[in-house]
Number of protein chains: 2
Amino acid sequence: MRLVIARCSVDYAGRLTAHLPSAPRLILVKADGSVSIHADDRAYKPLNWMSPPCTLKEGDDDVWTVVNKAGEKLIITMEEVLHDSSHELGVDPGLIKDGVEAHLQELLADRIETLGDGWTLIRREYPTAIGPVDILCRDGDGTTVAVEIKRRGEIDGVEQLTRYLELLNRDPHLAPVKGIFAAQEIKPQARVLATDRSIGCVVLDYDALRGIEDDKLRLF
Amino acid sequence: MRLVIARCSVDYAGRLTAHLPSAPRLILVKADGSVSIHADDRAYKPLNWMSPPCTLKEGDDDVWTVVNKAGEKLIITMEEVLHDSSHELGVDPGLIKDGVEAHLQELLADRIETLGDGWTLIRREYPTAIGPVDILCRDGDGTTVAVEIKRRGEIDGVEQLTRYLELLNRDPHLAPVKGIFAAQEIKPQARVLATDRSIGCVVLDYDALRGIEDDKLRLF
DNA sequence: ACATCTATCTCGGCA
DNA sequence: TGCCGAGGTAGATGT
């Protein structure tokens with residue numbers, strides 16, 4: 001990783017055109033060839049960047065040009081270099097996450113009877129023309145149920161599930177299909193909309209689901 | 001801006017919990033108090049971060065703790081500092097952009113006849129109870145048309161336009177109101193949904209619209 | 001403060 | 001490869 005502090009101006013021409021007037025900034029050149037330009041505020045988003053794969057060419061005239069395959073260009077005009085150092089970091093072992101939607105889906109699919117006695121899984125990520133349904137299952141009566149899972153349940157999620165239900169109910173092999181909106185937290189507006197559309201709401205307890213899963217594993 | 005290269009492990013506890021095992025990384029501490037941790041790849045997204053406003057406390061035991069108002073925590077355990085330098089950058093003048101959705105809307109409103117002969121603009125940002133319609137206009141037959149503009153046309157945009165159409169069609173002064181979904185790029189699923197709802201799809205050519213605009217300006 | 005919407009979104013997954 | 005959905009989305013804008 002190369003760290004350069006320099007007064008520079010920057011031009012980006014790609015998905016949009018953008019310009020940064022001359023000012024002192026941090027320029028990061030990483031081992032994968034990517035380049036990013038940071039001001040002295042904001043943790044997350046660089047002022048300007050070029051994602052890998054891309055190539056950096058340092059011209060004789062203190063103009064750096066970064067290009068990628070799509071023809072996007074980042075042109076950095078160096079006016080005064082204040083710091084320039086390089087460091088070997090090696091490959092990062094990466095982030096270990098916990099508590100995201102994919103995990104909730106796994107946990108609930110593995111313990112679908114949490115939703116009611118006699119419920120059985122048809123499949124996770126059930127494919128439709130407008131995208132996959134998180135979980136398709138059957139309730140105790142054998143009625144098909146589409147489950148939409150969110151970490152935070154908002155109106156968008158109810159709309160999404162409504163579209164799936166409309167589509168699934170056109171399939172005579174599946175119809176009638178009921179809907180369940182499952183989330184760790186359900187916003188009041190989302191609950192009202194779901195209820196109005198006869199969609200059931202279930203608040204998921206992540207720790208409890210994981211506990212159940214742990215108990216299951218302990219049996220083996 | 002402070003640049004620290006260090007072997008460290010990191011724990012985040014907040015909206016989720018995440019852990020970074022020990023490895024050499026870049027730690028950026030910016031003038032606004034924000035902190036970000038970068039591996040030697042990827043231009044855009046840090047491995048971990050804390051957005052401002054937040055406060056960093058460097059403990060005696062080489063443990064740095066960053067907290068924000070919401071109680072989220074970032075804990076950096078420093079194991080070996082390989083580089084540590086600070087630099088005064090000042091406030092950045094900021095990015096000047098061109099070619100975003102607002103601009104597309106201006107361009108299309110100024111050249112509404114792109115959509116068809118005899119089309120006329122009623123107004124941009126036509127206000128409704130559920131938000132402004134990007135463009136309201138009339139087609140060659142005098143029928144009212146609501147236009148939703150996106151840079152990239154996806155399902156959400158079609159849903160949004162559908163809600164507007166439903167509302168506008170309740171107004172006897174306007175009804176019947178047709179819908180046009182206009183974007184630089186329209187995803188297949190969005191097109192399917194739009195077509196199913198009798199909403200027209202138009203792919204906008206930004207450069208062509210700008211070219212027309214340039215031609216217009218040249219007349220004056 | 002909160003809600004809504006955009007983004008050079010980035011990123012991962014799956015067809 | 002393209003398409004789709006999630007994100008600690010972040011960041012901007014309007015109420």
Side-chain angles (χ1 to χ4, degrees), chain A residues 10-20 34-37 41-52 54 66 68-74 94-95 97-105 124-125 127-134 148-152 154-157 160 187 189, chain B residues 10-18 34 36 41-52 54 66 68-74 94-95 97-105 125 127 130-132 134 148-157 159-160 183-192:
Chain A
V10 184
D11 286 280
Y12 166 74
R15 278 162 284 185
L16 56 69
T17 55
H19 174 74
L20 279 172
S34 67
V35 177
S36 57
I37 293 143
D41 64 352
R42 291 202 192 89
Y44 192 82
K45 191 185 171 180
L47 285 168
N48 240 322
W49 69 93
M50 185 71 76
S51 295
C54 62
V66 191
N68 69 6
K69 202 138 184 173
E72 294 175 274
K73 262 187 198 171
L74 193 65
L95 191 65
K97 283 189 186 183
D98 196 4
V100 287
E101 183 192 323
H103 202 193
L104 278 174
Q105 193 193 103
R124 282 172 50 196
E125 301 285 352
T128 77
I130 55 169
V133 177
D134 286 342
E148 177 66 34
I149 300 171
K150 294 286 176 198
R151 207 169 49 77
R152 283 182 344 202
E154 299 177 30
I155 279 185
D156 274 9
Q160 195 179 343
K187 294 290 171 73
Q189 291 189 343
Chain B
V10 185
D11 286 280
Y12 165 75
R15 277 164 285 185
L16 57 68
T17 55
S34 67
S36 57
D41 63 352
R42 292 201 190 96
Y44 189 81
K45 192 185 169 180
L47 285 167
N48 240 322
W49 68 94
M50 187 70 79
S51 295
C54 62
V66 192
N68 70 5
K69 202 137 187 175
E72 295 175 273
K73 262 187 199 170
L74 192 65
L95 192 65
K97 284 186 185 185
D98 192 8
V100 286
E101 182 190 324
H103 201 194
L104 277 176
Q105 192 193 105
E125 301 285 349
I130 56 170
D134 286 341
E148 176 66 32
I149 300 172
K150 294 285 175 196
R151 213 171 47 77
R152 280 172 26 184
E154 299 178 28
I155 280 183
D156 277 7
E159 293 287 11
Q160 195 179 342
Q184 281 185 285
E185 180 198 349
I186 296 179
K187 293 293 168 76
Q189 292 191 341
R191 186 182 289 272
V192 167

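Reminder, nothing fancy here: chain letters follow the sequence lines and each chain counts from 1. As the structure is a prediction and not an experimental result, all values here were calculated from the model.
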Inset, instruction - Classify every nucleotide of nucleotides 9-15 of chain D by which part a protein heavy atom approaches to under 4.0 Å, writing B for the base, S for the sugar-phosphate alone and - for neither, in 5'-to-3' order. - result: SSSS---
Legend entry - Interatomic distance at C1', C:dA7 relative to D:dA6, whole Å: 15 Å
Inset, instruction - Could you give the distance separating D:dG8 and D:dC4 at their P atoms, to the nearest angstrom? - result: 22 Å
Inset, instruction - Send over the distance from B:Glu185 CD to D:dC3 C1', rounded to a whole Å. - result: 10 Å
Inset, instruction - Would you check if there is a donor-acceptor pair between the side chains of B:Lys150 and B:Gln184 at a distance under 3.5 Å? - result: no
Inset, instruction - Using a heavy-atom cut-off of under 4.0 Å over every strand shown, decide if B:Leu47 touches base, sugar-phosphate, or nothing. - result: nothing
Inset, instruction - Find the distance B:Leu16:CG to C:dC11:P and express it as a whole number of Å. - result: 16 Å
Inset, instruction - With rounding to the nearest 0.5 Å, note down the distance linking CG in A:Leu47 to CD1 in A:Ile37. - result: 7.5 Å
Inset, instruction - Give the minimum heavy-atom separation between A:Glu72 and A:Gly14, together with the two atoms involved. - result: CG-CA, 3.6 Å
Legend entry - Shortest non-hydrogen contact from B:Ala190 toward B:Ile155: CB-N, 3.8 Å
Legend entry - Atom-pair distance (CD on B:Glu148; C1' on C:dT6), nearest Å: 12 Å
Legend entry - Distance, C1' atom - from D:dG7 to D:dG11, rounded to whole angstrom: 14 Å
Legend entry - Rounded distance in Å between the P positions of C:dT4 and C:dT8: 22 Å
Legend entry - Secondary-structure notation, DNA chain D, from Watson-Crick and G-U pairs under 3.5 angstrom (| other strand): |||||||.|||||||
Inset, instruction - Taking all non-hydrogen atoms of both residues into account, name the closest pair between B:Asp134 and B:Glu148 and its distance. - result: OD2-OE2, 3.2 Å
Legend entry - Pairwise side-chain contact, B:Val66 with B:Cys54, heavy-atom cut-off 4.5 Å (strictly under): yes
Inset, instruction - Check the distance between D:dG7's P and B:Asn48's CG and give it to me in whole angstrom. - result: 16 Å
Inset, instruction - Nearest 0.5 Å please: distance from the OG atom of A:Ser34 over to the CG atom of A:Asn68. - result: 12.0 Å
Legend entry - Separation between NZ of B:Lys45 and NZ of A:Lys45, rounded to the nearest 0.5 Å: 14.5 Å
Inset, instruction - Quickly work out the A:Asp134 CG to C:dC14 C1' distance and round it to whole Å. - result: 15 Å
Inset, instruction - Measure the distance from NZ on A:Lys97 to C1' on D:dG7 and round it to the nearest whole Å. - result: 7 Å
Legend entry - Distance in angstrom units between B:Glu125 CD and C:dT6 P, rounded: 10 Å
Inset, instruction - Can you tell me the distance, in whole Å, between the NZ atom of B:Lys150 and the P atom of C:dT4? - result: 14 Å
Inset, instruction - Would you mind telling me which residue lines up with the more 5' stretch of DNA chain C, A:Leu74 or B:Gln160, judged by nearest nucleotide? - result: B:Gln160
Inset, instruction - Considering non-hydrogen atoms only, spot the tightest contact between A:Leu74 and A:Tyr12 and give its length. - result: CD1-CB, 3.8 Å
